[in-house]
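Below: one structure, written as structure tokens.
Computed from a predicted model, the values in this text were never measured in an experiment. Position 1 is the first residue of the sequence; numbering continues from there. Only heavy atoms go into these numbers, but all of them, side chains included; no hydrogens, no water, no symmetry mates.
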Amino acid sequence: MAYYDLPANIDYILEVTGATNLYYVGYSMGTTIFFAMMSERPAEYNEKVRL
């Protein structure tokens with residue numbers, strides 16, 4: 001989920017909205033998945049997530 005699913009969701013949202021970055025709000029498992037994603041793919045998603 002952290003390596004494929006969450007990044008795919010973020011990329012999809014940015015593509016559909018035309019935005020360059022977004023805010024992420026996670027609770028419980030959502031926060032854990034976000035931290036795992038950022039530790040595995042920081043160079044790709046640091047610029048795409050504002051907060």
**OP:** List the atom of Asn21, the atom of Arg50, and the distance in Å for their closest heavy-atom pair.
**Re:** OD1-CD, 2.9 Å

Original post:
Minimum heavy-atom separation for Ile33 to Leu6, with atom names?
Top reply: CG2-CD2, 3.9 Å

Original post:
Would Met29 end up clustered with Met38 when hydrophobic side chains under 4.5 Å apart are linked, directly or stepwise?
Top reply: yes

Original post:
Please, which pairs that meet salt bridge (charged side-chain N to carboxylate O under 4.0 Å, His left out) have at least one residue in residues 10-22, sequence neighbours excluded?
Top reply: Asp11-Lys48

Original post:
Which pairs count as ring-ring contact (aromatic ring centres under 6.0 Å, His included) when at least one residue sits in residues 3-32, sequence neighbours excluded?
Top reply: Tyr24-Phe34

Subject >> From Asp5 atom CG to Ile10 atom CD1, the distance as rounded to the nearest 0.5 Å >> reply: 11.0 Å

Original post:
Are any of the side-chain heavy atoms of Glu44 and Pro7 separated by less than 4.5 Å?
Top reply: no

